[in-house]
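Nothing here was measured: the structure is a model prediction, and the numbers come from that model.
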Amino acid sequence: MTASPTTLLAFYALAIAISSIIGGLLPNWLRMTHTRTQLVMSFVSGFLLAIAVYHLVPHSLIFVGTPDAADVVAWWLMLGLVGMFLLLRLFQFHQHDFSLQGSDGSGDKPVHGLSWMGIALGLSLHTLIDGVALGAAVLGASSSATVGLLGFGVFLAIVLHKPLDAMSLTMVMAAGGWGRSARFSVNVLFAMLCPLGALLFFFGVGALEVDSEPIVGSTLAFAAGAFICIALSDLLPEVHFHSHDRGKLVLALFAGMALAWSIGAVEPEGSHRAPPDRVDYHQVEDGHF
């Protein structure tokens, strides 16, 4: 990519904010049937999982760039996975079955007027983590031509997933009796959180007078763990336990994985190998690398 990292980040942030706002408004325009919801969730699950495995983990190893990089990445990946798992279990903020509710958010189950606040808090922490992941991916573009493309993969993962989160929030608010004006205001504030996390990480870490690459690498590994957790412990089980449309759901899952993997096809050759100046040749000679 030829765009500067700041221009790239600005574009990503704006697109994510718009997609999130649109996701929160969708219940006013479109009824999400059960099948539509499950197909979208299956596709996004496959995409998140493949982005973590095919892109975030390999690039995090490169950026950590030390002989014990595999151990460092493994620890940060586990922290991201367990941290997101605890976040999901604590707040249970991914409520994506919109088919039980009408366009006004009404449904069979009564919802307390303030129950959306717990969901909002959980989603806010989750989306800030997404923003940090995006900021880390784009920050690396200042020192590696391939990370702009990595940033594109992380961007797509967020821009595809964020409308579902926003829809969850506004639908629960509607079911609790909140009007369109209140839902729109919360929707806009929620849409700003991911760009905020990305900007804070990008400019905050970028301003430090230290080598930012190990920080970027550790953050990408943490994000990989969070993405894997979202795909496997939250989205995929909802898809897995539905006996109907299994063929369609599996195809949607594979389509999401294929799209994430295909992003690597446009990366320069050798982009998943550390550059020569980051290899410790003494370790290579000793057989430790």
### Message
Working note: Tyr12 + Ile158, criterion side chain to side chain contact (heavy atoms under 4.5 Å, CB included); need CA distance, chi angles, decisive distance, verdict.
### Response
CA-CA 10 Å; Tyr12 288 164; Ile158 296 172; over 6 Å; no
### Message
For a side chain to side chain contact (heavy atoms under 4.5 Å, CB included) check, start with the C-alpha distance between Ile129 and Phe222, then their side-chain angles and the critical distance, and finish with the verdict.
### Response
CA-CA 9 Å; Ile129 292 173; Phe222 183 91; 4.1 Å; yes
### Full working for side chain to side chain contact (heavy atoms under 4.5 Å, CB included) between Phe227 and Asp130
CA-CA 9 Å; Phe227 279 20; Asp130 288 343; 3.6 Å; yes
### Query
Between Leu189 and Leu193, is a side chain to side chain contact (heavy atoms under 4.5 Å, CB included) present by the stated rule, with each step listed?
CA-CA 7 Å; Leu189 289 174; Leu193 289 178; over 6 Å; no
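Nearest heavy atom pair, residue Ala69 against residue Gly65, reads CB-N, 4.2 Å. Counting all heavy atoms, side chain and backbone alike, Ile21 lies closest to Ala191 at CG1-CB, 3.5 Å. Of all heavy-atom pairs spanning Ala136 and Val216, the tightest one is O-CG1, 3.2 Å. Among all heavy-atom pairs drawn from Ala166 and Gly23, the shortest one is CB-C, 4.2 Å. For Ala224 against Val57, the heavy-atom pair with the smallest separation is CB-CG2, 3.9 Å. What you find for Val205 and Ser212 is that their closest heavy atoms are CG1-CB, 4.0 Å.
Expressed to the nearest 0.5 Å, how far CE of Met173 lies from OG of Ser168 amounts to 13.0 Å. Between the NE2 atom in His161 and the CZ atom in Phe47 there is a gap of 12.5 Å [rounded to 0.5 Å]. A distance of 10.0 Å separates CG of Leu48 from CZ of Phe43, quoted to the nearest 0.5 Å. With rounding to the nearest 0.5 Å, the separation of CD1 in Ile22 from NZ in Lys162 is 15.0 Å. From Ile16, atom CD1 reaches atom CG of Leu160 across 10.0 Å, with rounding to the nearest 0.5 Å. Note that CE of Met41 and CG of Leu164 are 7.5 Å apart. Values are rounded to the nearest 0.5 Å.
Under a 4.5 Å side-chain heavy-atom criterion applied to ILVMFWY residues, the cluster that includes Leu251 comprises that residue alone. Applying the 4.5 Å side-chain rule to ILVMFWY residues, one finds Met78, Val82, Phe85 in the same cluster as Leu86.
Put simply, the side chain of Thr127 does not reach to within 4.5 Å of the side chain of Asp165, judged on heavy atoms. For the pair Leu139 and Ile215, the minimum side-chain heavy-atom distance is 4.5 Å or more. You'll find the side chain of Thr170 stays beyond 4.5 Å of the side chain of Phe190, heavy atoms only. Between Leu128 and Val132, every side-chain heavy-atom pair lies at or beyond the 4.5 Å cut-off. The shortest distance between side-chain heavy atoms of Leu169 and Asn187 does not fall below 4.5 Å.
With sequence neighbours left out, Thr219 forms a side-chain hydrogen bond (donor to acceptor under 3.5 Å, both in side chains) with no residue at all. Here Ser185 pairs with nothing under the side-chain hydrogen bond (donor to acceptor under 3.5 Å, both in side chains) rule; sequence neighbours left out. Ser218 pairs by the side-chain hydrogen bond (donor to acceptor under 3.5 Å, both in side chains) definition with Trp76, not counting sequence neighbours.
His55 contributes no side-chain N or O that, together with a main-chain N or O of Val154, makes up a donor-acceptor pair within less than 3.5 Å. Ser60 contributes a side-chain N or O that, together with a main-chain N or O of Leu56, makes up a donor-acceptor pair within less than 3.5 Å. Of the possible donor and acceptor atoms, none in the side chain of Ser42 sits under 3.5 Å from a partner among the backbone N and O of Leu39.
Criterion: ILVMFWY side-chain heavy atoms under 4.5 Å apart, direct or through other members. Under it, Met192 and Leu123 are not part of a common hydrophobic cluster. Hydrophobic cluster membership differs between Leu77 and Trp75, with clusters built from Ile, Leu, Val, Met, Phe, Trp and Tyr side chains linked at under 4.5 angstrom.
Relative ring orientation between Phe155 and Phe152 is described as tilted, the plane-to-plane angle lying within the 30° to 60° band.
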Give the table of side-chain donor-acceptor pairs shorter than 3.5 Å for residues 194-204, with sequence neighbours excluded, one pair per line with atom names and distance.
none

